[in-house]
Amino acid sequence: MLLSSAPASARLFVSELSVLFRRWRTWTMLAALAAVPVLIGLAVRFSPKGPPSGRGPAFLDQITHNGLFAGVVGLVVCTPLFLPLTVGVVAGDTIAGEANLGTLRYLLAAPAGRVRLLVVKYLASAVFCVAAALAVVVGGTLTGAVLFPLGQATLLSGDTISPGEAFGRLLLMAGYVTVSLLGLSAIGLFASTMTNVPVGAMAATIVLAVVSQVLDALDQLDWLHPWLFSDHWLSVADLLREPIAWGSFGENTLLQLGYIALFGALAYGRFTTKDVLA
Amino acid sequence: MSPAAEGAGKPSLAASPETAVRTEGLTKRFGRHHAVDGLDLTVPRGAVFGFLGPNGSGKTTTIRMLLGLVSPTAGRVEVLGEEMPARLMGVLPRVGALVEGPAFYPFLSGEANLHRLDTADLRAPVRTRGERVKSALERVGLEHAAHKRVHAYSLGMKQRLGLAAALLAPRELLVLDEPTNGLDPQGTREVRSLIRSLAQDGTTVFVSSHLLAEVEQICTHAAMLRTGKLVAQGTLDELRGAALPRVEVRTPDESQAAEVLRGLGLSPERSAPGTVVASSAANDGAPAPEEVVAALVGAGVRVRGFAAAAASLEERFVELTGEGFDVAQ
Amino acid sequence: MKRIWTRWLPAAAVPAVIAVGVLAAGAAAVSPPPPATPEQVLGLVASHAARQFSGTVEEKADLGLPSIPSQALAPATKSATLGSEAALLELLTTAHTARVYADGPTKLRVQVMDQLAERDAIRNGNDAWTFDSKTNEVTHTTLPAGTGSEPSPTAKAPVMTPDQLAQRFLAAAGPSTNVTLGQSAPVAGHSAYALVLTPKTSGTLVSSVQIAVEAQTGLPLSVDVYAKGQKDPAFHSAFTKLDLGAPDASVFAFTPPAGATVKQQPAPTPKASAGTMPKSPSTASPKASAGTTPKSPESAPSWDTVLVVPAAKVPAGLLDQPLVKQLATPVAGGRLLSSSLVNILITDDGRVLAGAVPASTLLAKAAQ
């Protein structure tokens, strides 16, 4: 049954993506994310004093040497708030948004199947995570290429790499950031099954992202830190060390998988037992 | 319900291919409120079944249970001979539905919305999708607005699009919740004739409505719901026949007329100045209209007008649901 | 539909699976080391041949000092007079993770992995480099040929490998110390002995020092310093990952990046390098006072040694520095920086006294 319905499920996934990416809102958020490195690049390029060394966002002073760092700074700046914000909007909207429009009852009566719909919705929000991270990379790369030289890049360890490798590292960072957001997406999916008011689910998801980071900053709670989904978010910079510190990538992936499993299971429990009254 | 109770006493639900919908003791509680209470519904195949009831009587909750959107607190549902919601994925592709008004993605065109819904149907063949979407749009007269965003649709257009969605594939059962809501008289006529033509093709249509006239015009069967409980169901004729005969007399001699009518075993009441209506207490043994007129005239009542109202579904509805009862009584 | 609760089973099962997974990962099957006497283990450490390794070291201190937000320390790190003190405080109050690569006595790289930043100390033959990614500053020292000692921790990379630390403690473990073997436990997946050093004197704040020693090579894998009256180690340094293979040679190659400020620093004088550290304020660190200082020829090795820095060698106006004022409490005759493991007294006449001893000992010594 599941196997024979695989092509149909794939088509539903494509349809889900087309609904997501035919929304004005989705493109507005992606454009806003892409604008962050653009603004950073413009500020660095046209500020009279030049970038201050060791001040402001990390890697800011690197931009003048290698424009690709506009994307790096963009990713680092967007990680704590802007990216969770947009992912919270998309993930919180998954089920609650359909319920709010009333289309949820028609999808289920089609019948899309509750589990299938849940999986497709989650995968689509994961694709948005990729798109969101890539939006920052694209914005940063274009800004960097136009405003700055694409020369040698200095890593955190003081080693120097070629522009090509630097771009590879930037893409790796985008991958890391995407993985970082997958757990939050699962939380958003669960929140979305709890309500018919999408704004509520979005707000709950975003608030959780902020709370997690605040808890992560409290030294008194260091026993809790390894369990917080935001714990490895800023370790994205480990990809800029030489040799690359893959440890945080692995730990982060494992942590996010745990969150996906837990909140995916909770979303499954909630959504398959839910009375659809909207 | 325990498996033991299933096997014993009651006949198996599955062995009834001639019924399109059947429920047994269907109950839904929300907290302490019984939205649907012990509903035993039988919709024969090929029927146009009117599902009547005042607002809040549990019609929509019942429809949601038929479609597996809401799980019953107790009781069983069988749709097209299959147990719901256990066999939901196999049953629903054969069922078209319009539930509690149409709902679409406002930022997509009507056509894109239908494509989306058809994609959600696991069994809908992708090859014929475009064709089926086109013909469904034509069938409801929306072919010219196919590429417009639903955002720009009027309520009536959305209602038509909702019907188109229900008609995307050949269906054995259509569940339509208030299908003429928001339509102009022309649109209403079109929908009625659409339902009739579908019924002629053998599709069973389950229509919920609060418009009795509509049900009377298009339905072969009907059921009436009041505060979650079924109060009557059957063919339209059966339901009408159960209604009590009634006469209406226009006369200045109201009290005299009332006395005569009471003498004939009717229970008269003054419905308006100069008008007395009377209905018989029982269906059997009611006097024929001409006898009533003769008695009135014989008693010297100045009869200015007389009508023997044909038993209507509306009266039956009013009787059974208590809606709109004359407060003067 | 009656068994709706079964839909919640996965949600209940996932935490259980995670818990099992975490427990299973924690209980990695490592066979305990063969029985040995403390002397044999000491001999193993002394002769240890693991000169090639790469690993990750975790270091944290719980000294009962107030945690100072790094933002508050950041400006101080740049101040000329207080830079190294602030960096030292940072070391004492926050946890660190560092990657360590070693290949023989003259090739070592320590990378302190800060959040969004890194501090590197590289020793490659006769070149010693430090790099700080935050300031983009490089220091370079050309060591005289034949210098064998490893690069010392500096303010830029204030992390020592458990190996370096343990060597210092063990060197200091003379007659004043009881050496026993504790319950062996694997460290970083390696079977290890647990050496326990207990000071014989009661005049020190150090309760015991535990050193895990790799069972085959004798490489020290972790150092835990316990303070009296404190359950958790006051100072902890351990490998969390360790590979005993030779690191890639490119790890030790360092070229200052374009745009970095490069400062040439003179090689330490032979006298200083004959000791353990170049003249640096980090000699006042707890490790130094507890372990290193006794090794210098001037003082006898003992746990309750008090290090006295004469006023002439202390930067002028130290008492008036905001950082000192913030952290040190006024006492009769000066200001006292007190922690569970080490006390530092700055007297009104400008001397600095430090030691792993109770404050009263310092005050008494100052009054002499």
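Below, chain A is the first sequence line, B the second, and so on; all start at residue 1. Not measured: the values here are computed from a predicted model.
- For A:Trp233, no part lies under 4.5 angstrom from a heavy atom of chain C.
- Of the listed residues (C:Val17, C:Val251, C:Leu116), the greatest number of heavy-atom pairs within a distance under 4.5 Å of chain A belongs to C:Leu116.
- In this structure, chain A has a heavy atom under 4.5 Å from the backbone of C:Ala253, while its side chain stays farther away.
- Atom CD of A:Gln220 and atom CG of A:Leu215 lie 11.0 Å apart (nearest 0.5 Å).
- When each of A:Ala245, A:Ala237, A:Ala217 is scored by its heavy-atom pairs under 4.5 Å with chain C, the top score falls to A:Ala245.
- The aromatic rings of A:Phe229 and A:Tyr259 lie perpendicular to each other, with more than 60° between the two planes, well past the 30° mark.
- Of the charged side-chain nitrogens involved, at least one lies within less than 4.0 Å of a carboxylate oxygen, so that A:Asp159 and C:Arg109 count as a salt-bridged pair.
- Here A:Arg169 pairs with A:Glu242 in a salt bridge; the nearest charged N to carboxylate O distance falls below 4.0 Å.
- In this structure, C:Tyr101 has its ring center at least 6.0 angstrom away from the ring center of C:Phe53.
- Side chains of C:His236 and C:Asp224: a donor on one and an acceptor on the other come within 3.5 Å.
- A donor-acceptor pair shorter than 3.5 Å can be found between the side chains of A:Ser157 and C:Glu118.
- Most heavy-atom pairs under 4.5 Å with chain C, from the set A:Ala261, A:Gly264, A:Gly151, A:Ala265: that is A:Ala265.
- Within the 4.5 angstrom heavy-atom criterion, only backbone atoms of A:Leu155 (N, CA, C, O) approach chain C.
- Taking A:Thr154, A:Thr273, A:Thr160 one by one and counting their heavy-atom pairs under 4.5 Å with chain C, the maximum is reached by A:Thr273.
- For the set C:Pro10, C:Pro257, C:Ala260, the entry with the most heavy-atom pairs within less than 4.5 Å of chain A is C:Pro257.
- Counting heavy-atom pairs closer than 4.5 Å to chain A, the top residue among C:Ala13, C:Ala258, C:Ala117, C:Pro256 is C:Ala117.
- Only the side chain of C:Ile18 comes within less than 4.5 Å of a heavy atom in chain A; its backbone stays farther off.
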